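All values derive from a computational prediction rather than experimental measurement. Note on naming: letters A, B, ... go to the chains in the order of the sequence lines (proteins, then strands), and numbering restarts at 1 for each one. Note that these values count all heavy atoms, side chains included, but never hydrogens, waters or copies made by symmetry.
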Amino acid sequence: MSENDSHSPTNFVEEIIEEHNASGRFDGQVLTRFPPEPNGYLHIGHAKSIYLNFSTAQKYGGTTNLRFDDTNPLKEDIEYINSIKEDVHWLGFEWNGEPLFASDYFDQLYEYAIELIRIGKAYVDDSSAEEIRELRGSLTEPGKNSPYRDRSIEENLDLFERMRAGEFEEGSKVLRAKVDMSSPNLNMRDPIMYRILFATHHRTGDKWCIYPTYDWAHGQSDSIEGITHSICTLEFEDHRPLYDWYLDNLEIHHPQQIEFARLNLSYTMMSKRKLNKLVSDKVVDGWDDPRLPTLAGIRRRGVRPEAVIDFCERIGVAKANSVIDIALWEHTIRQDLDPICKRVMGVLNPLKLVIDNFPEDEVIEFDVDYFRHDAESHETRKVPLTKEVYIEQEDFMEDPPKKYFRLSPGREVRLMSACLVTCTDVVKDADGNVVEVHCTYDPESIGGQAPDGRRVKGTLHWVSAKYAYDAEVRLYDNLFTVENPSVGELEDIVNTDSKQVIDAKLEPAMAQAKPGERFQFMRKGYFFVDPIDSTEGDDLYFNQIISLRDSWAKIKKQ
RNA sequence: UGGGGCGUGGUGCAACGGCAGCACACCGGACUUUGAAUUCGUUGAUCCUGGUUCGAAUCCAGGCGCCCCGGCCA
């Protein structure tokens with residue numbers, strides 16, 4: 001309670017909080033909330049909100065409530081509640097106490113509504129949805145009062161109670177706040193507080209047949225919980241006057257709503273509606289499909305929560321609409337993985353390379369560091385070299401362009417950690433495709449260095465053909481490749497380009513990989529041993545988390 | 001003359017009346033048994049027009065542009 005030494009705010013949200021702390025508005029308390037509607041899985045955009053709410057509260061010694069905004073029984077489901085809890089925990093956050101539910105406040109909300117009726121600030125309207133829409137006016141024209149607006153308090157009380165009792169049909173009546181039909185802010189033109197819905201709620205069952213709208217439920221829920229700062233996205237700015245109006249008229253604890261710009265990521269589709277459709281149409285393999293920007297998908301792909309948090313820190317927070325470059329997301333993931341991943345060799349598109357002067361049955365075993373030489377760990381594994389090895393198809397070119405440093409006829413390159421080889425010949429199939437490359441190796445160069453000190457410009461990863469470990473490797477496109485795709489385009493993208501399943505050749509040590517481990521396949525990218533599909537010591541499935549920089553990018557540009 | 005919000009390099013975020021900075025991207029050099037990483041460096045911005053001021057991204061006025069709002073969704 002004593003230390004109020006300036007934390008130096010790092011964004012506008014913290015500035016607002018510090019103003020409150022300075023004025024004593026909330027006694028220096030900071031209690032935020034993360035209020036998802038349980039109608040879908042959380043995605044990377046929600047991570048920004050989660051991070052903002054939790055980290056801001058933490059910074060000021062406060063806590064954060066997890067509250068499910070479950071006011072619409074038609075769209076919500078218990079399945080989503082569990083996934084949301086799991087995802088928030090995965091990011092490393094602990095909410096304050098038990099998860100809370102707007103539906104827990106239905107009784108209190110009902111009492112508040114009666115209170116508003118009693119002070120003449122709410123009324124039951126018998127108008128149809130169409131009539132209400134028409135009387136609401138337009139963006140430029142004021143609305144008109146409903147013919148039911150001036151009912152007596154007694155009649156409103158009676159009607160509202162009977163609404164709750166189930167005496168009226170769906171759509172026949174609503175409870176509205178009596179604000180101002182001529183307000184330039186549409187949200188203030190007698191907003192609807194309750195609608196009749198004979199729907200079974202996933203938590204309250206059939207207890208209610210009237211359900212509060214977002215505007216009516218949200219602020220009061222914040223208030224009931226003693227929230228101090230209600231941080232939400234920009235589109236609710238127009239709702240803040242209403243948020244304040246309810247609280248002022250009820251004369252109850254009044255949190256401050258603060259709005260920030262939601263996250264947009266280039267090439268990434270974050271529409272809940274479209275994600276829902278991809279999943280329900282089974283275009284993707286569930287909510288945790290690694291191609292999806294859902295937190296479940298990101299996790300399944302192999303991204304660590306540390307990277308997600310780092311990303312949220314890097315993007316900052318402001319009120320300007322913005323689009324974050326997907327490159328920052330990828331950079332952050334590589335940055336996180338680089339120091340912790342073992343480096344191994346894996347050939348994704350094998351091309352056989354025969355070392356003609358290598359003895360037929362000889363095996364040379366190398367102890368190779370899992371990490372770079374400057375790393376702390378010097379753990380090693382055995383890598384066998386045999387007469388026949390696989391190299392990457394793209395690491396050989398018969399007619400190399402300029403600045404291509406890898407293998408081509410007559411050229412000498414290094415087989416990483418092993419030796420230098422020089423290409424002497426190629427074998428082609430009937431169509432003229434290279435199917436085998438022949439080389440000679442320099443026995444003096446075992447270990448990778450030539451005693452005469454000559455340098456080679458290319459270093460290739462490779463795997464012994466005889467001892468290769470076969471595993472399924474799945475390459476995923478970097479989320480989505482088209483800006484703002486339509487549902488149709490999305491399905492095309494997902495079906496055609498976004499996932500490649502490859503039978504890859506990995507070095508033998510990879511047979512001991514454990515589900516959940518992450519590796520860097522040198523010159524290829526970072527891979528995650530899919531913990532759900534893989535069985536320890538048996539079949540292993542590798543998800544590509546993220547590629548290394550495309551080594552072809554520079555060449556393509558020339 | 002509907003209301004609300006926002007305009008800083010290609011992208012995102014800082015600077016809150018005092019030398020426009022950081023990150024990503026880009027480009028170039030060094031290093032390298034990963035064309036990765038690392039490292040050094042270059043290019044590049046205050047929406048416009050006025051005003052106040054010794055001094056304006058910042059304050060004021062007027063424009064312009066973009067986003068959100070007419071669910072009984074959240």
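- When Watson-Crick and G-U wobble pairs are counted only if both distances are under 3.5 Å, B/C66 pairs with B/G5.
- Pairing of B/U52, defined by two Watson-Crick or G-U wobble distances under 3.5 Å, is not identified with any nucleotide.
- Formation of a donor-acceptor pair under 3.5 Å by the A/K173 side chain with backbone atoms of A/F168 is not found in this model.
- For the C1' atoms, the distance from B/G18 to B/C24 is 30 Å, rounded to whole Å.
- Within the shown strands, B/G12 is the pairing partner of B/C22 under the Watson-Crick or G-U definition, both distances less than 3.5 Å.
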Provide a list of protein-nucleic acid N or O atom pairs under 3.5 angstrom, restricted to nucleotides 13-22 of chain B.
from: B/A14; atom 1: OP1; to: A/V317; atom 2: O; distance (Å): 3.3

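- Among the nucleotides B/G35, B/C24, B/C69, the one closest to the side chain of A/Y404 is B/G35.
- Residue A/R133 places at least one side-chain N or O under 4.0 Å from the OP1 or OP2 atom of B/G71.
- Residue A/A327 has its side chain nearest to B/A25 when only B/A25, B/G3, B/U32 are considered.
- Within the nucleic acid shown, A/H239 comes within 4.0 Å of at least one base atom, counting heavy atoms only.
- What separates CE of A/M188 from P of B/G2 is a distance of 20 Å, to the nearest Å.
- Here the P atom of nucleotide B/C68 and the CG atom of A/N264 are 11 Å apart, to the nearest Å.
- Using a 4.0 Å heavy-atom cutoff across all strands shown, A/E259 reaches no nucleic acid atom at all.
- On the C1' atoms, B/G9 is 29 Å away from B/U52, given to the nearest whole Å.
- Not one side-chain nitrogen or oxygen of A/R189 sits closer than 4.0 Å to the OP1 or OP2 atom of B/G71.
- Under 3.5 Å, the side chains of A/E225 and A/Y105 contain a donor-acceptor pair of N or O atoms.
- In this model, a donor atom of one side chain and an acceptor atom of the other lie less than 3.5 Å apart for A/D180 and A/S182.
- A/Q449 comes within contact range of at least one nucleobase, with a heavy-atom separation under 4.0 Å.
- Side-chain N/O atoms of A/R136 include one lying less than 4.0 angstrom from OP1 or OP2 on B/C72.
- Across the strands present, B/C27 finds its partner in B/G41; the criterion is a Watson-Crick or G-U wobble pair with both atom distances under 3.5 angstrom.
- Glycosidic conformation at B/G21 (O4'-C1'-N9-C4 for purines, O4'-C1'-N1-C2 for pyrimidines): anti, more than 90° from 0.
- Using a 4.0 Å heavy-atom cutoff across all strands shown, A/S127 reaches at least one base atom of the nucleic acid.
- Here A/Q335 lies in heavy-atom contact (under 4.0 Å) with sugar-phosphate atoms only.
- Between A/R33 and A/D69, no side-chain nitrogen of the basic residue sits less than 4.0 Å from a carboxylate oxygen of the acidic one, so the salt-bridge criterion is not met.
- Judged by distance alone, the side chain of A/N65 and the main-chain N or O of A/R67 form no donor-acceptor pair under 3.5 Å.
- No contact: A/L234 has no heavy atom under 4.0 Å from any strand.
- Within the 4.0 angstrom heavy-atom criterion, no nucleotide atom of any strand lies near A/T233.
- For A/D325, taking side-chain heavy atoms from C-beta onward, the closest of the listed nucleotides B/G35, B/G70, B/U11 is B/U11.
- Atom CD of A/E376 and atom C1' of B/A37 are 14 Å apart (whole Å).
- Mapped onto RNA chain B by nearest heavy atom, A/S128 and A/G458 fall at different nucleotides, with A/G458 at the one closer to the 5' end.
- Going from atom CD of A/E330 over to atom P of B/G12 covers 17 Å, rounded to whole Å.
- Projected onto RNA chain B by closest heavy-atom contact, A/E237 and A/F521 fall at different nucleotides, the more 5' of which corresponds to A/E237.
- B/A25 and B/G71 have their P atoms separated by 44 Å, with the value rounded to a whole Å.
- Nucleic acid contact for A/I132: base, since at least one base atom lies under 4.0 Å from a heavy atom of the residue.
- Comparing the C1' positions of B/U42 and B/A36 gives an interatomic distance of 22 Å, to the nearest angstrom.
- Counting any heavy atom pair closer than 4.0 Å across all strands shown, A/T71 reaches sugar-phosphate atoms only and no base atom.
- Distances shorter than 4.0 Å separate none of the side-chain N or O atoms of A/R372 from OP1 or OP2 on B/U38.
- Taking only side-chain atoms of A/D238, from C-beta outward, the nucleotide of B/G3, B/A37, B/A74 with the closest atom is B/G3.
- The CZ atom of A/F405 sits 15 Å away from the P atom of B/U32 (whole-angstrom rounding).
- The six-membered or imidazole ring of A/Y243 lies away from that of A/H239, with a centre-to-centre distance of 6.0 Å or more.
- Listed pair A/R523 / B/A37 fails the phosphate criterion, with no side-chain N or O lying under 4.0 Å from OP1 or OP2.
- Across every strand in view, B/G71 sits unpaired, with no contact that passes the Watson-Crick or G-U test at under 3.5 angstrom.
- The residue from A/T422, A/L407, A/V413 that alone fulfils the side chain to side chain contact (heavy atoms under 4.5 Å, CB included) condition with A/C439 is A/L407.
- Between the P atom of B/A74 and the CD1 atom of A/I231 lies a distance of 21 Å, rounded to the nearest Å.
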Stepwise salt bridge (charged side-chain N to carboxylate O under 4.0 Å, His left out) check, A/R136 with A/D190: CA-CA 8 Å; A/R136 188 152 32 219; A/D190 290 8; over 6 Å; no
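- The C1' atoms of B/C6 and B/U46 are separated by 15 Å, rounded to the nearest whole Å.
- The CZ-P distance, from A/F260 to B/C6, rounds to 15 Å in whole Å.
- Across B/A74, B/G10, B/C72, the shortest atom-to-atom separation from the side chain of A/E235 is found for B/A74.
- Minimum atom distance to the side chain of A/Y214 is reached by B/A74, of the listed B/G2, B/A74, B/A37.
- Closest heavy-atom contact between A/K85 and A/P99: CD-CG, 3.7 Å.
- Taking the P atoms as reference points, B/A61 lies 37 Å from B/A23, given to the whole Å.
- Within the 4.0 angstrom heavy-atom criterion, no nucleotide atom of any strand lies near A/Y194.
- Only the P atoms considered, B/G55 is 48 Å distant from B/A37, to the nearest whole Å.
- Residue A/R549 has a polar side-chain atom (N or O) positioned under 4.0 Å from OP1 or OP2 of B/A37.
- In this structure, A/F106 has its ring center under 6.0 Å from that of A/H201.
- Nucleotides B/A30 and B/C22 have their P atoms positioned 24 Å apart, rounded to a whole Å.
- Listed here is the closest heavy atom pair of A/V124 and A/F160: CG2-N, 3.8 Å.
- Distance A/Q520 CD to B/U38 C1': 13 Å, rounded to the nearest Å.
- One finds no side-chain N or O of A/S138 lying less than 4.0 angstrom from the OP1 or OP2 phosphate oxygen of B/G2.
- In this structure, A/R381 contributes its side chain and A/D369 its backbone to a donor-acceptor pair below 3.5 Å.
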